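Encoded as structure tokens, the structure appears first; notes follow it.
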Amino acid sequence: MSGQQPEGQRRRDRRPRDEEPRRGRQRPTRPRDSATVQPARRVAFDVIHAVSTSDAYANLLLPHRLAEAKLSPADAGLATELTYGTLRRRGYYDRVIAHAAKRPVTEIDDAILDVLRLGAHQLLSMRVPGHAAVNESVELARSAGSRSAAGFTNGVLRTISRTEPAEWERILLGEVTNDTDRLAVSTAHPSWVVRAIRQALDLQDRGDELEDALAADNLAPQVNLIALPGLADRPEDAEPNRFSPYGFRSAGGDPVQLVGTGGGRLRVQDEGSQLAALALTRAVPVRSGERWLDLCAGPGGKAALLAAEALAGGARLDANELVPARARLVERALAGVPLDVSVSTADGTTLAAAHPGTYDRILLDAPCTGLGALRRRPEARWRKTPKDVSELTRLQGSLLDAAITALAPGGIVAYVTCSPHVGETALIVESALRAHPGMERLDTSAVLDQVTTEPLDAAAPGGAVQLWPHRQGTDAMYIALLRKPAESAGSAVDR
């Protein structure tokens with residue numbers, strides 16, 4: 001997903017509507033060194049607190065903190081579970097904490113609230129002895145707050161520990177008034193996200209899978225990799241992916257080490273992301289001289305796959321990414337492909353509009369809420385709000401309109417989001433088709449059935465594809481292929 005952002009996105013506080021900013025918000029607090037606090041818990045707190053107060057991304061920050069701390073594999077695993085588990089069920093723990101503290105969580109200091117969340121996760125969802133969870137949390141509170149904060153933390157967590165996890169769930173479920181809220185509590189999702197996923201499933205006549213879909217968001221994803229086609233082969237001991245002909249899972253060991261020895265041609269990439277790029281490159285046969293554009297290319301995984309496919313077919317590829325730091329990630333991702341790819345840092349809407357009728361294939365991996373990747377970015381469910389959807393849909397519509405303008409006659413655009421939200425998927429495509437009545441829908445499901453090693457069973461209305469973690473084991477990627485009508489003058493390749 002690109003770094004292209006809607007107006008005002010960098011300055012916003014991404015808290016749910018029912019979690020207003022607390023008074024006296026502090027800068028992120030890293031606890032002072034304390035010999036009595038286990039290093040794994042210090043790392044977990046550091047990341048959780050940065051996510052809460054600085055809009056940090058856990059999947060980016062945690063590896064750096066683990067490397068800095070030089071934890072053993074066992075402690076690194078504990079820190080990872082503490083971090084992702086706490087972030088995943090944050091809203092649920094906030095309800096429990098409010099009960100135990102007898103006050104709204106908005107009245108609790110930021111740092112201490114994050115200590116309480118971390119402690120609640122250990123007490124309610126892990127096999128950590130209660131005294132260890134409480135004592136370590138008290139020490140964290142003392143180093144991050146004050147002696148009085150430590151006493152408050154001790155009291156709240158001991159109150160939580162006196163009630164069994166199943167009883168806490170019964171208490172919270174006793175407060176709900178409808179089925180959406182029941183699922184929001186039991187699966188640790190905001191109610192608006194539950195409604196959005198239900199609507200997306202209903203469009204595929206799969207509404208009865210709602211609980212499975214929500215449960216899948218709370219499972220750690222498998223690490224999937226890709227051997228770039230024509231440039232690398234899957235390791236002999238690798239387990240092939242279910243759908244992608246180039247994807248695989250490592251048979252063992254550290255996938256990062258495997259990637260490091262692959263010269264940039266073995267990469268970590270979700271299988272859904274692989275299929276999104278392949279849908280565009282395999283929609284119709286590639287003709288030598290075609291010109292392609294990855295409009296919102298950061299961080300570069302799809303761009304690398306496009307580059308490999310362009311190299312094999314004799315096409316040219318341009319890549320664009322608004323945020324310079326992410327553009328550098330794109331350049332790094334492309335380093336393993338011997339193809340000269342121009343990487344620009346323009347606004348996607350103006351860049352495409354400045355090149356009308358130029359590109360034969362355009363990948364628009366639009367900036368979105370990321371609700372399709374909650375397994376990897378669990379904090380997104382609590383960070384995003386319905387207001388974000390309305391801001392993002394304006395940007396998504398503008399980018400798709402510009403991409404269509406930049407298409408050569410007969411050219412194809414792949415509109416992709418890592419979100420199943422109907423407002424970010426089907427409605428964006430419908431709006432684009434109304435604005436450009438000559439555009440043709442392609443049967444994306446049929447295209448991918450010619451690519452995948454087994455049928456996807458992911459057809460969505462309008463010929464699109466909607467993937468799901470609980471069905472395909474991928475991120476919940478939406479993929480729609482649209483083709484511009486051909487003209488007698490031919491495409492950009494012919495000219």
Side-chain angles (χ1 to χ4, degrees), residues 1-23 25 28 48-59 84 86-95 97-98 104-108 110 113-114 117 172 176-201 210 213-214 217-218 366-399 417-428 475-476 478:
M1 181 165 45
S2 163
Q4 183 95 22
Q5 296 173 315
E7 182 179 357
Q9 187 169 341
R10 293 189 182 91
R11 58 174 171 73
R12 82 267 193 258
D13 176 12
R14 290 305 190 208
R15 297 184 182 275
R17 292 185 183 278
D18 61 350
E19 187 184 342
E20 295 299 325
R22 292 176 285 280
R23 295 181 180 178
R25 285 180 57 82
I48 291 165
H49 194 48
V51 168
S52 296
T53 59
S54 299
D55 275 355
Y57 289 91
N59 64 317
Y84 283 105
T86 302
L87 292 173
R88 187 175 294 120
R89 296 183 62 81
R90 192 187 85 174
Y92 182 89
Y93 297 143
D94 282 358
R95 292 174 185 254
I97 291 166
V105 294
T106 53
E107 295 180 4
I108 301 174
D110 287 313
L113 178 58
D114 285 328
R117 290 165 171 161
L172 297 185
V176 305
T177 59
N178 56 60
D179 189 59
T180 295
D181 289 343
R182 175 187 68 82
L183 289 170
V185 170
S186 64
T187 68
H189 286 73
S191 294
W192 76 271
V193 174
V194 175
R195 288 191 291 271
I197 293 176
R198 175 187 280 121
Q199 185 180 17
L201 286 167
L210 177 59
L214 296 170
D217 282 344
N218 293 329
C368 65
T369 55
L371 298 183
L374 295 183
R375 301 175 304 164
R376 304 175 196 284
R377 303 184 187 100
E379 68 272 13
R381 71 187 75 186
W382 312 114
R383 176 175 286 169
K384 303 296 183 180
T385 73
K387 181 181 178 182
D388 294 312
V389 178
S390 62
E391 292 177 351
L392 283 163
T393 53
R394 287 193 291 272
L395 177 58
Q396 291 158 356
S398 296
L399 285 167
T417 67
C418 191
S419 169
H421 195 297
V422 174
E424 300 184 87
T425 58
L427 295 184
I428 295 296
D475 289 345
Y478 175 87

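Residues: numbered from 1 along the sequence shown. If you're wondering where the values come from, they're calculated on a predicted model, not measured in any experiment.
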Could you check whether any side-chain heavy atom of [X] comes within less than 4.5 Å of a side-chain heavy atom of [Y], counting everything from C-beta outward?
| X | Y | result |
| --- | --- | --- |
| Leu371 | Ile197 | no |
| Leu214 | Ser186 | no |
| Trp382 | Leu87 | no |
| Ile48 | Val51 | no |
| Leu427 | Thr393 | no |

To the nearest 0.5 Å, what is the distance between [atom1] on [X] and [atom2] on [Y]?
| X | Y | atom1 | atom2 | result |
| --- | --- | --- | --- | --- |
| Cys368 | Leu395 | SG | CG | 10.5 Å |
| Arg198 | Thr180 | CZ | OG1 | 4.0 Å |
| Thr187 | Arg89 | OG1 | CZ | 8.0 Å |
| Asp475 | Thr417 | CG | OG1 | 11.0 Å |
| Arg95 | Leu172 | CZ | CG | 6.5 Å |

Specify the closest pair of heavy atoms between [X] and [Y], including all atoms of both residues, with the distance to one decimal.
| X | Y | result |
| --- | --- | --- |
| Ile428 | Gly397 | CD1-N, 4.1 Å |
| Arg375 | Arg88 | O-NH2, 4.0 Å |
| Val194 | Leu210 | O-CD1, 4.1 Å |
| Arg377 | Tyr57 | CD-CD2, 4.4 Å |
| Pro420 | Gly372 | CD-N, 3.8 Å |
| Ser52 | Arg117 | OG-NH1, 3.5 Å |

Next item on the list: Might you work through the side-chain contact (heavy atoms from CB on, under 4.5 Å) test for Ile97 and Leu113, ending with a clear yes or no?
Entry: CA-CA 9 Å; Ile97 291 166; Leu113 178 58; 4.2 Å; yes
Check: For Thr53 and Asp110, does a side-chain donor sit closer than 3.5 Å to a side-chain acceptor?
Finding: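 No - no donor-acceptor pair under 3.5 Å links their side chains.
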Margin query: Between Glu424 and Ser419, do the side chains contain a donor N or O and an acceptor N or O under 3.5 Å apart?
Written below: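 Yes - a donor-acceptor pair under 3.5 Å links their side chains.
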Margin query: Can a donor-acceptor pair be found, under 3.5 Å and without considering hydrogens, that links the side chain of Arg381 to the backbone of Arg90?
Written below: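 Not at all, since once roles are kept as given, no pair shorter than 3.5 Å links the two residues.
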Note to self: Would the distance check show the side chain of Thr385 and the main-chain N or O of Lys387 forming a donor-acceptor pair, the cut-off being under 3.5 Å?
What the structure shows: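 Side chain of Thr385 to backbone of Lys387, a donor-acceptor pair under 3.5 Å: yes, one is there.
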Check: Where do Asn218 and His189 land on the side-chain contact (heavy atoms from CB on, under 4.5 Å) test, with the steps shown first?
Finding: CA-CA 10 Å; Asn218 293 329; His189 286 73; 4.2 Å; yes
Margin query: Evaluate His421 against Tyr478 for side-chain contact (heavy atoms from CB on, under 4.5 Å), listing each step before the verdict.
Written below: CA-CA 9 Å; His421 195 297; Tyr478 175 87; over 6 Å; no
